[in-house]
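See below for the structure under consideration.
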Amino acid sequence: MSGLIGKKLGMARVFDAQGRNLAVTLIEAGPCQVTQLKTADKDGYNAVQLAFEDKKQKHTTKPEAGHFGKAGVAPKRFVREFTGFENIDALKLGDTVKVDVFREGEAVQVVGWAKGKGFQGVVKRHHFKGGPKTHGQSDRTRAPGSLGQSSFPSRVYKGLRMAGRMGNQQVTVKNAVVVKVVPDKNILMVRGSVPGPKSGLVLIQK
């Protein structure tokens, strides 16, 4: 199995077999339903499209309703493709994929979206130190300072660290260890932190 769609629930602490206190992130992983199967012969590559979390029929467009109806599933909020499925021939439209595809102790890749911070200055966005308060610079404490040279090249280089929008970006955490799997509650416990706010969308991949 390649992966699942989930929702971040928050963080907690658990004790392992050696008695160590571990910080873990709780993820509601699935259950997801198969809404489309892509093959190399028809689509040029092999992939499985999974859908997660029900949504109301009135919030579903007609093309979406037809797509979900063809698969025989209720309308869903999130739809994502996963490649690398080993048993893609054994799957069919409408099948349910649950959290028990993961095993305790295995490493997974978790993709999330960082919290949006809005427009921020260089001190918060890039951890600049800021200027001194003395020597007539009492109002330049959190300023970026010089942006370049005046005579040559007489412009600001591309990619210079400046103020701007911060956060709301896709972040990938690799080699996150699965600490515990709770199949009856569809909960996956991953060691460490996972990007995004509570109830934020995450993708768990093998």
Side-chain angles (χ1 to χ4, degrees), residues 2-13 22-29 36 38 40 43-53 61 63-64 77-85 102 106-179 188-206:
S2 178
L4 273 181
I5 309 172
K7 182 170 62 175
K8 180 179 176 179
L9 299 179
M11 294 195 70
R13 289 187 175 272
L22 304 179
V24 297
T25 301
L26 277 63
I27 301 174
E28 181 185 345
Q36 189 175 0
K38 295 193 173 183
D43 304 287
Y45 64 101
N46 294 320
V48 177
Q49 186 186 88
L50 298 179
F52 173 69
E53 196 171 303
T61 64
E64 289 176 340
R77 285 189 63 194
F78 305 107
V79 178
R80 294 294 186 274
E81 276 189 10
F82 293 88
T83 59
F85 275 77
F102 296 104
E106 73 175 340
V108 295
Q109 176 177 290
V110 183
V111 180
W113 282 261
K115 293 180 181 179
K117 304 290 185 180
F119 192 98
Q120 298 297 333
V122 292
V123 173
K124 181 171 183 177
R125 192 183 188 208
H126 299 296
H127 310 291
F128 279 20
K129 181 181 177 181
K133 290 185 178 180
T134 58
H135 299 278
Q137 293 197 97
S138 60
D139 61 338
R140 310 297 296 164
T141 310
R142 303 177 69 88
S146 175
L147 300 180
Q149 304 79 30
S150 60
S151 60
F152 180 82
S154 299
R155 63 184 176 85
V156 178
Y157 283 115
K158 288 184 178 181
L160 190 70
R161 292 178 297 172
M162 300 173 69
R165 285 179 57 179
M166 180 180 178
N168 194 28
Q169 294 176 325
Q170 181 176 306
V171 182
T172 301
V173 176
K174 295 183 178 181
N175 297 322
V177 179
V178 177
V179 177
L188 188 71
M189 296 186 186
V190 178
R191 184 171 182 178
S193 61
V194 168
K198 289 183 179 179
S199 300
L201 179 71
V202 292
L203 307 178
I204 311 102
Q205 302 170 343
K206 286 197 176 183

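Remember, it's a predicted structure, so these values are computed and weren't measured experimentally. Computed from heavy atoms alone, side chains included, the values below leave out hydrogens, waters and symmetry copies. The first residue in the sequence is number 1, and the count goes up from there.
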Check this for me: Arg191, atom CZ, are more than 12 non-hydrogen atoms of other residues, nucleotides or ligands nearer than 6.0 Å? no
With a 4.5 Å cut-off on side-chain heavy atoms, are [Y] and [X] touching?
X      : Y      : value
Phe52  : Leu4   : no
Leu203 : Ile5   : yes
Glu64  : Val79  : no
Arg161 : Val122 : no
Met162 : Phe128 : no
Val173 : Val194 : no
Gln49  : Glu81  : yes

So, for [X] and [Y], which heavy atoms are closest and what is the spacing to 0.1 Å?
X      : Y      : answer
Leu201 : Trp113 : O-CE3, 3.6 Å
Ser154 : Ser150 : OG-O, 2.6 Å
Arg125 : Arg165 : NH2-O, 3.0 Å
Asn175 : Ala107 : CA-CB, 4.1 Å
Val202 : Gly112 : CG1-CA, 4.3 Å
Val24  : Arg13  : CG2-N, 4.4 Å

Euclidean distance, [Y] [atom2] relative to [X] [atom1], rounded to 0.5 Å:
X      : Y      : atom1 : atom2 : result
Ile204 : Leu188 : CD1   : CG    : 6.0 Å
Glu53  : Lys7   : CD    : NZ    : 4.5 Å
Met11  : Thr25  : CE    : OG1   : 4.0 Å
Glu28  : Ser199 : CD    : OG    : 9.0 Å
Arg140 : Lys133 : CZ    : NZ    : 15.0 Å
Asn46  : Lys38  : CG    : NZ    : 11.5 Å

Within the distance-only criterion (no hydrogens, no angle test), does the side chain of Ser2 pair as donor or acceptor with the backbone N or O of Thr83 below 3.5 angstrom?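 Here the side-chain-to-backbone pair exists.
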Using the side chain to side chain contact (heavy atoms under 4.5 Å, CB included) rule, pick out the option among Gln170, Arg80, Lys174 that qualifies with Val111.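 Among Gln170, Arg80, Lys174, the one meeting side chain to side chain contact (heavy atoms under 4.5 Å, CB included) with Val111 is Gln170.
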